[in-house]
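See structure below.
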Amino acid sequence: MQVVDPRTFERSMPTPANPLSVVDITQEARRNAEVCNACRYCEGFCAVFPAIEAKRVFDDRYIDYLANLCHNCTACYHACQYTSPHVFDLNVPKALTQVRVSTYSRYVWPAFMSGAFERNGTLVAMATALIFTLVLVLGILLTDPAQLFAVHTGDGAFYRVISYEAMVSVAGAVFVFDLLAILLGFARYWSAIGGRLKHFFDVGAVGRTLHDALTLRHLGGGDDGKGCNEEDATYTNRRRRFHHLMAYGFLLCFAATSVATVYDHVFGWIAPYGYLSLPVLLGSVGGVMTMVGTAGLVWVKLKLHDGPAWKAVFGMDYAFLVLLFWVNFTGMALLVLRGSSAMGLLLIVHLGFVAALFAVLPYSKFVHILFRLGALLKYHTEVRR
Amino acid sequence: MQEEVLKAPSGSRTGDPLYPDVLVVGGGNAALCAAIRAAEEGRSVLLVEHAPQSLRGGNSQHTRNFRCMHEGPKGILSGAYPEEEYYADLLRVTAGKTTPALARMVIRQTTAAYDWMEEHGVRFQPSLGGTLSLSRTNAFFLGGGRALVNAYYHTAERLGVHILYDTEATALTVEEGVFRFAVIQYKGIRHEVHARALVLASGGFESNLEWLEEAWGPSARNFLIRGTRFNRGRMLKEMMRHGASIIGEPDQCHAVAIDGRAPQFDGGIVTRLDCVSFGIVVNEQAQRFYDEGEDFWPKRYAIWGRLVAAQANQVGHVIIDSKALNDFMPSVFPPLEADSIEALAERLGLEPAALRKTVDDFNAAIVADRAFDNLVLDGLCTRGLAVDKTNWARPICDPPFYGYTLAPGITFTYMGVEVDEKARVLFEKTGASPNIYAAGEIMAGNILGQGYTAGIGMAIGTVFGLIAGEEAAHASR
């Protein structure tokens, strides 16, 4: 039995020269889980606690699974009778957050990209700056100066600035790579936590998983849905709502792009489309939702209580949220100003942010979607409530 | 916080925070219920909590449910739990040591209390894993007692209750059963609080080891306290000094056998050990001293604190083998493990030959005429030993062997002030006080004279807290 005496367990403080090791953070999460298993008061908050109660001994892979079941809602921290200054010094959200980020880096594809999650905020910000600049410079160099600041209207107006072929081939290649990298990374995680292909065909479990994910049930802090904690011990659903705005806004934008693709390839209708056309309606509603959602999530994170927060990981969250915000902000600006001479430059700026988003996608906060879905699916195939 | 004391509580008539309508001493469930109730009646309330904010809530932070009467399915509670059944359960655990009128009043008011709790921020959850037997009788707090306490503090603050942490009430001035003023130490500075009414909800005295030692002798030094370190019994001593009517004896306390490695205070639920009935328990001489299989553990765990307290150095050792390891709820500390009984004895600090003989005698005395079944009183017993085990007696023979060391863990004390149905403290000479009320552990002995059943403490604390708050509000009008 691999067990640790919670009284004598000592954690070494991380320093730049001696960052947290996977052994330390996994052991700390295990220590937390073992105390939780003897207490069980938080059982109703989320899926993590029933998953803990299903075991007596927690191997490393099981900790990896628990880490991604946790939505970092922090309700268990505020409810815990064993947080500091208690000698047990429990902090489940923080311990699981540390492991969760390490799962992104340990299971990433290709494996040599694992460093990408060490200082992810810096990486995403630098990559964004680099790609944005590259697109901007190339865009300006490769575009006929006469076209760049001209007023374009009518079918194919965008493509007179940047060629259709350039847009589609670059976007297509990046998109295929993203899909491959994200899926292969997820597959490594999924098989490590004991997931099997057949679980995807368990209709009931898949349905419950999707229900939990689409409703963000585990940010609701329990069956009554009264919410979880942010800045203090009071309950709120604010974070859940902002995340809904962002996620569904993003999906609407994706739907706008899909509809536009169909318009283009099936009907031969060339962008830009009218203000009341389906792609533009979907895109503008989705864009505003995403902007409000991402800004709200940054705001909520800034106010999050210090106790359960592991702020070293916030760089990853901020970088991705801000990038997503700018993609949508420049997209909306492009929509509003597309009849003016600013359109050419705005298009390049917007595409710069879009390119950056898709370039960093498999090495950003985005990966949490599949990791969470995988953990939830394992939960719903193993623990039925 | 320093400047906050200078601000007046909302609704205060004098504008001075040291002159509230109602002073509440204590910061747990009963104190908060009283403070909220009085504030809702429009009174200015000052609540003094001895603990710092990070340790607030007294023993309530370690609770998990409250026992609730209900005539039909209610919220997360299934079925019905009528008054008579509730009362019968109480009579059984207290062996009749209760005040029937007060007990029935508490029981009847738990139904409305459930709704009141929910309206004031408490969230409930279905009964926890391993507690299915309580799903009809006990409403579990989502996140446990700490979450309940957080919700009440938030509600109290919203209602303008003035809350002082790190503040101990040290003395009371009472004249013929009438409260005049209290002395508090706020961050080391002495203040006098002149309130029109006083609610004492400051808990028992189980954390006052010196007091326990007066009653128990030196063995009390080896007691572990399962709850807050701040239940020092200072207000109870003040009430005794002023001639309040006292119920119970100082050596009465709820003592269970917990893991001997638990911290001195605040170990809470996780230090319990549910393995006694699946093995044997020996003292420092490696001798058994009581029937480990007398009844189901939830019905017997409360006698083992006293049993262990009566042994040398207040220590007992549970010995189990690998068969039993997964038969009980996981506990917070790992057991000591060894491949032989002798090696385990050495790890536990016992005489190897003596433990070997005890285990061999026990194994040899088992009447193996039936199958082991931990769900019923299986009658699998020993015969012919000085102390026989009457159920679940399986031979201890499959290595590895495991040992846990037990120590007495004190949950709460029973001695307290006598109260009437309006939560008024009764004085020996003058009868019911016109402005001193008590709620929670300091008066729970009126209803729970001995024994314990899950969730009864929170039921008494909530109902009497609400009554005390309301009566104190009326008295200070």
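Values below: all heavy atoms of this structure, side chains included; hydrogens, waters and symmetry mates excluded. Because the structure is predicted, anything quoted here is derived from the model rather than measured. So you know, we letter chains A, B, ... as the sequences are listed, proteins then strands, and number each from 1.
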Open item on the list: If I measure from the heavy atoms of chain B, does A:E53 come under 4.5 Å with its side chain, its backbone, both, or neither?
Closed with: side chain
TODO: Mind ranking B:R146, B:R123, B:R64 by heavy-atom pairs under 4.5 Å with chain A and telling me who comes out on top?
DONE: B:R123
TODO: Name the orientation class of the two ring planes belonging to A:F88 and B:F333 (parallel below 30°, tilted from 30 to 60°, perpendicular beyond 60°).
DONE: perpendicular
Task: Polar side-chain atom of B:Q125 near backbone of A:C42 as donor-acceptor pair, under 3.5 Å - done: no
Task: Side chain / backbone / both / neither for B:F140 at chain A, heavy atoms under 4.5 Å - done: neither
Task: Any donor-acceptor pair under 3.5 Å from B:R272 side chain to A:A38 backbone - done: yes
Task: Heavy-atom closest contact (B:P263 atom, A:H86 atom, distance) - done: CG-CE1, 4.3 Å
TODO: Compare every heavy atom of B:P330 with every heavy atom of A:N37, then report the nearest pair and how far apart it is.
DONE: ND2-CG, 3.4 Å
- [ ] Against chain B, label A:F49 side chain, backbone, both or neither, depending on which of its atoms sit under 4.5 Å from a heavy atom there.
- [x] neither
Open item on the list: Please give me the minimum heavy-atom distance between B:I269 and A:Y82, naming the atom from each residue.
Closed with: N-OH, 3.2 Å
- [ ] Supply the atom-to-atom distance A:D223 CG to B:I76 CD1, rounded to the nearest 0.5 angstrom.
- [x] 11.0 Å
Task: Interface moiety of B:T63 toward chain A, non-hydrogen atoms closer than 4.5 Å - done: backbone
Task: Aromatic B:F328 / basic A:R56 pairing, under 6.0 angstrom, 45° off normal - done: yes
Open item on the list: Heavy-atom cut-off 4.5 Å, strictly under: side chain, backbone, both or neither for B:N326 against chain A?
Closed with: both
- [ ] Considering non-hydrogen atoms only, spot the tightest contact between A:C39 and B:L128 and give its length.
- [x] O-CD1, 4.4 Å
Task: CD on B:E157 to CG on A:D232, rounded to 0.5 Å - done: 9.0 Å
Open item on the list: Shorter than 4.5 Å, heavy atoms on both sides: which option in A:C80, A:C76, A:G222, A:A233 has the most such pairs with chain B?
Closed with: A:C80
Task: Shortest non-hydrogen contact from B:V270 toward A:V35 - done: CG1-O, 3.7 Å
Task: Inter-residue atom distance B:S127.OG - A:R40.CZ, 0.5 Å rounding - done: 12.0 Å
- [ ] Look at the side chain of A:Y41 and the backbone N and O of B:H62, then say whether any donor-acceptor pair between them is shorter than 3.5 Å.
- [x] yes
